[in-house]
Student: 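One structure is given below, represented as structure tokens, and several questions about it will come after.
Below, chain A is the first sequence line, B the second, and so on; all start at residue 1.
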Amino acid sequence: MSKPKIAFYWCASCGGCEEAVVDLAESILGVVEKVDIVFWPVALDFKRSDVEAMASREITAAFINGAVRSSEQAEMVELLRGKSNLVIAFGSCAHLGGIPGLANTFNREEMFRAVYLDAPGVNNDRSTVPKEEIEVSEGILTLPRLWDTVKTLDQVIKVDYYLPGCPPPVSLIVGAVEKILSNQLPEADPVLAPDIALCEECPRRDSKPEKIAVKEFKRPHEIEIDPEKCLLAQGLLCMGICTRKGCGAVCINGNMPCTGCMGPVSHISDHGTKALSSFASLIDANDDEEIARLIDNIVDPVGTFYRYSLPASLMHRSHMKAAAKGEKS
Amino acid sequence: MDYLYYPGCSLKSTGRAYEESMLSVFRKLDLAVMELEDWNCCGATAYMSISELKAFALSARNFALAEAQCKELSTAELVVPCAACYLCLNKARRYLDEHEELREKINRALQTANLDYHNRTRIRHPLDVLANDLRPEKIKDAVVHSLSGIKVACYYGCQIVRPYADFDDQKNPHVMDDLARLLGAEPISWPLKTRCCGGSLMGTAQDVGLRLSFIILKEAVKRGCHAVITACPLCQFNLECYQPKMSNLYGESVNIPVLYFTQLMGMAFGISERELGLQRNFNRLDTASLSRISAGGEHVGI
Amino acid sequence: MSAFENKGNGTPKIGVYVCHCGINISGKVDVSEAVAFAGRLPYVTIAREYKFMCSDPGQELIAADVRSGLIDRAVVASCSPLMHELTFRRAVTTGGGNPFMFQMANIREHVSWVTLDRVAGTEKAKALIAAAVSRVARHEPLEPTRVPVNPDVLVVGGGIAGIHASLTLANAGKKVYLVEREPTIGGHMAQFDKTFPTLDCSACILTPKMSAVRAHPNITLWTYSEVDAVDGYVGNFKVRVRRKPRYVNEDLCVGCSDCIEACIFKKGKISDEFNVGLSKRKPIYIPFPQATPLVAVIDAESCAHFKTGKCKKPCADACQPNAINLEQTEEIKEIEVGAIILATGFKTFEASRISRYGYGKYENIYTSLEVERLVNAAGPTSGEIVLKNGEKPEAVGIVHCVGSRDNNTNVYCSRVCCMYSLKLAHLVKERTGAEIYNFYIDMRTPGKGYEEFYERLLREGVHFIRGRVAEISDWAMKPEEEGRIIIRAEDTLIGAVRRIPVDMVILSVGLEPQSDAEEVRRRFNISCSREGWFLERHPKLAPVSTFTDGVFLAGACQGPKDIPDSVAQAGAAAAEALALVDRGFVELEPNTAYVQEEICSGCRTCTNLCPYNAITIKKDKNVAEVNGAICKGCGTCVAACPSGALQQNLFTDEQIYSEIRGVLSHV
Amino acid sequence: MFDKNNEKEAFNPHLVAFFCNWCTYTAADLAGTARMTYEPNVRVIRIMCSGRLDPQFVLWAFREGADGVLIGGCHPGDCHYQEGNYKARRRFLLLQKYLQFMGIEKERVRMEWIAASEGDKVQSVINEMTETIRRLGPLHLEPVSMRQERSLETAEPDNIAVMKEGTL
């Protein structure tokens with residue numbers, strides 16, 4: 001019988017996820033001999049037409065990384081969905097929108113302004129921005145449309161499983177692939193990472209004080225970080241309290257607070273706001289002014305609480321109607 | 001310039017002494033004050049009763065002028081000695097502040113004269129200024145003839161504390177008493193501080209007016225006062241000018257000096273009688289007799 | 001979304017019952033439309049309407065449906081859950097269901113009574129019903145937590161209300177702690193001369209009760225003491241009482257007053273609290289002859305020993321039983337009680353606040369309380385009513401509603417002034433034969449024998465002038481007014497302003513909350529009304545209960561009351577407390593927080609949030625643990641738990657989510 | 001009357017209120033017994049303490065179609081649970097900051113201390129807030145999932161012109 005067919009595709013992403021696949025190192029060879037890779041634009045020379053030529057559900061599993069923010073990406077993932085038996089959202093961007101998802105605090109016009117007009121060094125006196133269609137002697141050239149809003153993969157197509165992480169930890173990838181090949185994927189939780197917060201496996205767990213009360217929120221560059229002590233107890237907004245474990249606490253081991261790339265545990269409905277609630281609860285002050293002062297320590301609430309999950313959040317994006325009204329701060 | 005001064009009609013006529021004494025007292029206490037240029041009628045009680053809108057407009061013009069004449073300051077401090085003006089302007093200001101459309105209407109009118117009103121005017125009575133903007137010591141120190149032994153009846157009249165008690169106790173005002181004490185005088189405690197002096201009834205229903213004034217004067221005399229001091233030109237006029245008439249009418253002679261509180265202060269400060277306009281009073285209480293009283297307790301009055 | 005999996009065992013079967021509440025609800029809500037709407041909601045197996053759901057047949061509707069297995073949980077759309085939640089939970093239980101498989105939609109207090117438009121009202125009611133339904137679908141059976149109740153009771157305040165409550169409880173065999181701030185119990189009633197309308201002597205009816213308190217084996221009386229702190233909850237309050245040093249040993253003192261005789265102060269110099277300043281006392285004193293306990297007290301403020309340290313302490317020498325102990329120090333008592341009765345009383349209105357009434361400015365103007373002392377045989381003048389100059393008054397004015405029914409002071413009616421003014425009018429007339437003028441707004445004499453008393457006074461020839469007094473002054477217009485006090489008032493019955501010259505004025509001051517009512521209410525964790533009176537749980541149906549279970553109200557601390565009402569209410573409060581402690585246990589709402597251990601990462605966000613320290617970390621498993629007995633169910637920790645491991649019974653995330661979705665379901 | 005698509009005058013905002021059991025909910029009951037009528041737009045959800053208010057509830061309410069959220073708790077110092085209201089306050093202030101970042105007018109979330117005796121305050125606050133939100137107009141959050149409403153067009157309502165033009 002023929003080997004299971006595997007496809008990789010990338011949408012709005014940094015390429016890190018592709019790296020992660022390569023990082024499988026020798027274990028990738030084990031994978032490669034068990035499967036046929038039928039589509040992997042970054043590494044192999046297949047074309048869209050090859051995919052179109054396939055029969056429906058011919059691909060065993062499509063690993064798609066990156067968020068979806070353009071008509072082209074939407075078309076491709078819809079195409080792959082049709083041809084694949086399983087679709088796995090690979091990495092934070094596909095899973096939650098990821099870093100590109102932070103663009104959801106702007107809309108397309110604002111982005112175009114920034115990139116094509118306002119950015120230092122731009123020289124664009126005719127204020128040209130990308131155009132969907134342009135007529136040239138050879139005919140009409142088209143560009144995909146960039147959306148106002150970055151979407152997670154499952155906001156565009158049905159997703160079967162998620163491999164969280166930025167990028168997903170090797171161990172999880174291998175585990176997932178093996179499960180797929182041996183056809184023993186979990187029923188309940190579609191997120192292929194342990195459903196418990198990072199604190200549980202945190203190397204600094206025991207340095208945590210019995211009770212935490214924060215008098216000052218700090219950003220990593222503002223303090224000499226104690227390499228032993230619980231980062232939250234040091235006033236750093238460590239997302240480990242509400243983020244899935246499974247990453248091996250790499251950031252913590254690098255003496256940096258967790259930024260939440262593994263995404264929320266399943267029992268909360270909004271990663272950032274839940275974190276917000278917890279952090280606010282730890283504020284050790286009762287009077288409005290003092291609270292306000294502490295809150296001012298948090299200069300970038302969106303980037304802090306939603307670094308990877310804005311498009312997947314309840315708000316989804318900054319409110320454009322209000323933004324249009326110029327009420328966006 | 002700390003204050004703008006709004007005379008109104010009285011202080012330029014019957015109340016000249018009030019103007020003179022107030023200005024010299026302010027000068028004595030280094031309170032820089034300048035007369036509001038091009039001021040107009042406050043809108044007066046009578047006007048108010050015919051057309052509020054027009055009355056408010058008149059007041060508003062004064063505010064607009066005041067604000068224009070002290071652009072550099074956050075608020076225009078408008079000193080208004082006449083109780084009637086004080087009330088009228090105060091009332092107007094409150095209405096303008098509380099009713100936006102009225103303000104807009106009137107501002108539109110003012111704009112035709114390139115003026116406008118921005119709620120930047122504070123209406124201050126001289127009593128308010130002297131009691132609240134100065135350290136008591138400042139006044140104490142200015143006293144050269146202490147008025148010890150001088151009994152005065154502080155008479156506030158109706159319009160300064162009612163209906164808006166901005167700077168004093170509405171039911172039982174006391175700032176004038178406090179000032180008198182600072183001068184060494186002894187203000188009597190009496191229940192008629194704010195009882196009606198007859199006001200304009202003196203012109204329309206004189207018998208009533210006379211009776212009301214008589215009640216006040218008689219009580220002051222009975223309580224052994226050497227003078228009644230007032231803060232309102234109309235009160236001063238009513239209480240002073242009709243004393244002979246009352247004496248005949250009620251067969252009980254009342255004869256007691258009625259001064260502006262600023263005149264009393266001036267005398268304690270040793271300001272000349274002319275500068276205090278004392279020569280304008282009918283029933284004169286001059287510095288000489290004052291010092292005689294405080295020396296030997298000579299009795300004026302009945 | 002996880003929040004919407006229905007964890008109910010099996011598919012829920014919901015019954016919805018919409019109450020008309022007569023026309024209270026049906027007036028503004030189209031009940032049949034609401035029922036039809038409810039019937040179409042998911043999991044609803046039956047929707048009914050009924051005139052009065054809280055009535056027996058109404059409750060039986062629910063019970064029957066549960067019994068027949070038609071439903072396994074219920075929603076009642078009627079009044080506030082604070083009103084009838086328990087009633088309907090009981091109905092579910094009667095039918096054999098679990099009381100917590102129930103949710104209420106408040107369509108009366110929150111809809112029909114506050115909405116003008118019937119369409120809008122119906123829409124709102126539907127939204128609330130939808131919410132209750134989608135919520136109750138996610139309810140799970142719970143067991144109420146039972147905790148034992150400490151049988152002892154604390155009564156705060158030793159006025160007539162506190163005294164009566166204490167005696168009632170003590171006679172029922174309960175141990176009572178009675179805590180009074182002053183050196184003696186008796187409160188205001190002890191200061192009164194006679195009581196209306198019967199005119200029996202206040203002391204005569206009060207003092208027996210006072211000594212009964214002192215003598216009762218079940219009552220621990222702590223005077224000159226204050227409650228410092230209250231902790232715990234219904235059935236199990238921990239109370240800290242501070243006993244101020246009185247420098248006289250209570251157990252030794254026999255109340256002989258030798259010490260007072262001996263004091264270096266030859267006569268009193270300190271204004272006497274009991275006689276409201278009309279007489280002077282010494283630094284060592286007994287407030288009044290019937291004081292309970294009859295024990296001297298030294299007030300350190302004025303005592304030479306404490307001020308100068310140079311006193312020879314003749315008091316100590318004079319005391320045969322050696323009761324004087326100037327080294328005595330403050331004593332802290334820690335007690336545990338099951339119920340608390342607050343009977344902290346009132347204070348009288350400060351008459352000088354109305355300057356035009358001349359109190360403090362002119363002589364011979366008294367407050368009613370002062371006059372109570374003046375007319376009292378044991379009072380400063382031994383019952384003689386004389387003016388400052390020693391003469392008898394020929395005319396006395398009594399001004400009603402001083403500090404009552406007045407937008408500038410208190411808007412409420414103090415309820416007792418009309419009657420005590422009549423009483424004082426009678427007593428003063430009787431003693432002096434003076435002409436008495438009552439200035440009143442309205443005569444308010446509702447009460448047994450009250451109106452008759454008013455009639456009696458009219459017959460006695462007391463004058464009544466209907467009108468609020470404008471001014472009380474000393475300026476005479478006519479010769480006959482010379483040297484007297486003149487009361488100016490509009491007589492609204494003859495429509496003229498009158499000037500009544502009198503020799504003495506009695507200001508009938510109103511009642512106000514104690515000046516420290518605010519701190520006290522915080523200490524006991526209850527609410528106050530706008531005016532500062534302690535707030536009862538329900539003005540009609542729970543008049544002596546508060547929103548804090550186990551804390552009850554008696555007497556004027558809850559609002560102006562006369563003696564009969566105070567005593568009646570004290571009895572009621574005692575009965576409520578008795579009902580609570582006698583039962584032996586309380587069932588606490590099982591709305592406690594709990595940890596889903598398999599999800600808890602031990603992040604310790606919660607541990608610091610619990611005001612009761614109910615949350616600890618299980619060292620072995622490194623997960624949080626909630627002590628259900630300590631948890632009071634506020635849910636603060638649940639809102640903070642970053643991984644959703646903490647949940648609150650009856651208020652789980654998913655229950656609240658479903659409620660939110662419910663209220664917005666037909667947006 | 002609950003149709004959101006009417007023009008602003010007729011717009012009837014949907015407000016969700018979270019009232020604590022001991023103070024604000026009781027005050028709302030009091031407003032009822034005192035028959036203080038007010039705007040019918042608020043739907044009250046009872047929680048034991050404002051401290052139970054999880055900011056997620058607020059976003060959830062917005063997501064479910066609320067135009068504004070009102071949070072009511074005991075006055076500082078009056079909390080039935082000692083300090084739940086303070087915790088609520090901290091979360092509220094931080095949430096408000098986040099929402100402003102996200103372009104939600106801060107008037108759309110309001111927190112008020114309302115004591116059990118302040119029925120009139122319930123009335124005035126609800127009327128005020130209804131009025132404020134009415135002025136702000138409906139809050140239509142952008143749809144989350146394209147799988148909910150299939151076509152790209154509906155997911156991309158505005159700004160298409162920008163790329164048609166090719167210039168800004």
Side-chain angles (χ1 to χ4, degrees), chain C residues 3 79-83 106 108-117 119-121 123-124 127-128 131 135 521-522 525 527-531 535 537-539 547-548 589 591 609 611-612 632-641 648 650-651 653 656-657 659-667, chain D residues 1-2 4 12 14 16 18 20-23 25-26 28-57 60-61 63-67 74 77-84 87-88 91 115-118 120 122-123 126:
Chain C
C79 48
S80 166
L82 303 183
M83 182 93 176
N106 185 348
R108 192 180 74 176
E109 281 82 347
H110 288 195
V111 181
S112 62
W113 278 352
V114 294
T115 312
L116 288 169
D117 176 79
V119 183
E123 283 309 311
K124 190 173 179 182
L128 294 181
R135 186 194 211 278
R521 100 177 162 70
R522 288 206 168 164
N525 201 347
S527 315
C528 272
S529 72
R530 263 297 160 76
E531 304 76 19
L535 193 66
R537 190 178 197 115
H538 190 284
F547 285 102
T548 300
E589 186 82 349
N591 57 12
L609 297 181
Y612 311 101
K632 292 202 184 24
C634 62
T636 304
C637 55
V638 182
C641 176
Q648 180 184 10
L650 288 175
F651 293 90
D653 282 349
I656 295 174
Y657 284 142
E659 204 170 344
I660 297 171
R661 173 163 284 182
V663 287
L664 294 163
S665 52
H666 57 313
V667 164
Chain D
M1 70 179 299
F2 278 80
K4 278 196 158 196
N12 261 300
H14 293 75
V16 175
F18 296 91
C20 86
N21 179 69
W22 303 101
C23 289
Y25 193 90
T26 314
D29 280 1
L30 180 62
T33 20
R35 309 295 198 279
M36 301 174 176
T37 57
Y38 49 78
E39 296 270 16
N41 305 59
V42 172
R43 312 281 183 253
V44 177
I45 290 175
R46 182 172 68 112
I47 48 185
M48 293 311 287
C49 175
S50 50
R52 175 65 181 95
L53 199 275
D54 183 331
Q56 292 182 109
F57 298 164
W60 196 275
R63 186 43 75 192
E64 291 292 325
D67 302 299
C74 308
D78 290 5
C79 179
H80 190 80
Y81 305 98
Q82 293 177 22
E83 48 189 35
K87 312 284 195 322
R91 298 181 189 127
S117 58
E118 298 178 312
D120 50 342
V122 170
Q123 180 188 38
I126 288 181

Student: Is chain D contacted by the side chain of C:Leu650, its backbone, both, or neither, given a heavy-atom distance below 4.5 Å?
Tutor: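 Answer is neither: C:Leu650 stays 4.5 Å or more from chain D.
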Student: What part of D:Leu53 lies closer than 4.5 angstrom to a heavy atom of chain C: side chain, backbone, both or neither?
Tutor: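 Backbone of D:Leu53 only, per the 4.5 Å heavy-atom cut-off to chain C.
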Student: Considering all heavy atoms of both residues, which atom of D:Thr37 and which atom of C:Trp113 are nearest to each other, and what is their separation?
Tutor: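 Minimum heavy-atom contact is CG2-O, 4.2 Å.
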Student: Do you know which two heavy atoms are closest between D:Met48 and C:Gly633, and how far apart they sit?
Tutor: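 Heavy atoms of D:Met48 and C:Gly633 come nearest at CB-O, 3.5 Å.
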Student: In sequence, state the C-alpha distance, the side-chain angles, and the governing distance for C:Asn106 and D:Asp29, and then conclude on side chain to side chain donor-acceptor pair (under 3.5 Å).
Tutor: CA-CA 9 Å; C:Asn106 185 348; D:Asp29 280 1; 3.1 Å; yes
Student: Quick check on D:Ala115 against chain C: is it the side chain, the backbone, both or neither that has a heavy atom closer than 4.5 Å?
Tutor: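 Looking at D:Ala115, nothing touches chain C.
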Student: Relative to chain D, which segment of C:Ser112 carries a heavy atom at a distance below 4.5 Å: side chain, backbone, both, or neither?
Tutor: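 Neither part.
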Student: With rounding to the nearest 0.5 angstrom, report the CG to OG distance, D:Leu30 to C:Ser529.
Tutor: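 Answer rounded to 0.5 Å: 10.5 Å.
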Student: Could you tell me which portion of C:Arg522 (side chain, backbone, both or neither) has an atom closer than 4.5 angstrom to a non-hydrogen atom of chain D?
Tutor: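 Side chain of C:Arg522 only, per the 4.5 Å heavy-atom cut-off to chain D.
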Student: With a 4.5 angstrom heavy-atom cut-off, is it the side chain or the backbone of C:Thr115 that approaches chain D, or both, or neither?
Tutor: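 Both backbone and side chain of C:Thr115 come within 4.5 Å of chain D.
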Student: Please state whether the side chain, the backbone, both or neither of D:Val44 comes within less than 4.5 Å of a heavy atom of chain C.
Tutor: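 Both backbone and side chain.
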Student: From D:Thr26 OG1 over to C:Glu109 CD, what is the distance, rounded to the nearest 0.5 angstrom?
Tutor: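 Going from OG1 on D:Thr26 over to CD on C:Glu109, the span is 11.0 Å.
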Student: Charged N to carboxylate O under 4.0 angstrom, D:Glu118 versus C:Arg530?
Tutor: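 So D:Glu118 pairs with C:Arg530 through a salt bridge.
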Student: Of all heavy-atom pairs between C:Thr636 and D:Cys49, which one has the smallest distance, and what is that distance?
Tutor: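 Smallest interatomic distance, heavy atoms only, reads OG1-SG, 4.5 Å.
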Student: Heavy-atom cut-off 4.5 Å, strictly under: side chain, backbone, both or neither for C:Cys641 against chain D?
Tutor: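 C:Cys641 has no heavy atom closer than 4.5 Å to chain D.
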Student: Please state whether the side chain, the backbone, both or neither of D:Asp120 comes within less than 4.5 Å of a heavy atom of chain C.
Tutor: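 Looking at D:Asp120, just its side chain touches chain C.
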Student: To check you understand the geometry: which heavy-atom pair defines the closest contact between C:Pro611 and D:Tyr81, and what is its length?
Tutor: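 Result for this residue pair: CG-O, 3.5 Å.
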Student: So which part of C:Arg521 gets closer than 4.5 Å to some heavy atom of chain D, the side chain, the backbone, both or neither?
Tutor: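 The side chain, not the backbone.
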Student: How close do D:Tyr25 and C:Pro81 get, heavy atom to heavy atom, and via which atoms?
Tutor: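 Closest heavy-atom pair between D:Tyr25 and C:Pro81: OH-CD, 3.3 Å.
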Student: Is there a side-chain contact between D:His14 and C:Leu664 in this structure, where contact means two heavy atoms from C-beta onward sitting under 4.5 Å apart?
Tutor: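 Yes; the side chains approach each other to less than 4.5 Å.
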Student: Under the criterion ring pair (Phe, Tyr, Trp, His ring centres under 6.0 Å), I'd like the reasoning laid out for D:Trp60 against C:Tyr657: C-alpha separation, chi angles, the key distance, then a yes or no.
Tutor: CA-CA 7 Å; D:Trp60 196 275; C:Tyr657 284 142; 4.2 Å; yes
Student: Roughly how far apart are C:Ser527 OG and D:His80 NE2, rounded to 0.5 Å?
Tutor: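 Separation between the atoms: 9.0 Å.
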Student: Would you confirm whether D:Arg52, through its side chain, and C:Phe651, through its main-chain N or O, come within 3.5 Å as a donor-acceptor pair?
Tutor: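 Yes, because the side chain of D:Arg52 sits within donor-acceptor range (under 3.5 Å) of the backbone of C:Phe651.
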Student: Flag the pair C:Ile656 / D:Phe18 as yes when at least one side-chain heavy-atom distance between them is below 4.5 Å, and no otherwise.
Tutor: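 In short, these two side chains touch, coming nearer than 4.5 Å.
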Student: Within the structure provided, determine whether C:Val114 and D:Val122 are in side-chain contact (heavy-atom separation under 4.5 Å).
Tutor: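 A side-chain contact is absent here, since even the closest heavy-atom pair is not under 4.5 Å.
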Student: So which part of D:Arg63 gets closer than 4.5 Å to some heavy atom of chain C, the side chain, the backbone, both or neither?
Tutor: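 Contact with chain C: none, neither part.
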Student: Can you say whether D:Cys79 sits under 4.5 Å from chain C via the side chain, the backbone, both, or neither, judging by heavy atoms?
Tutor: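 Only the backbone of D:Cys79 comes within 4.5 Å of chain C.
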Student: Give, as side chain, backbone, both or neither, the part of D:Val42 having an atom under 4.5 angstrom from any heavy atom of chain C.
Tutor: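 Only the backbone of D:Val42 comes within 4.5 Å of chain C.
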Student: Against chain D, label C:Leu535 side chain, backbone, both or neither, depending on which of its atoms sit under 4.5 Å from a heavy atom there.
Tutor: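 Just its side chain gets close to chain D.
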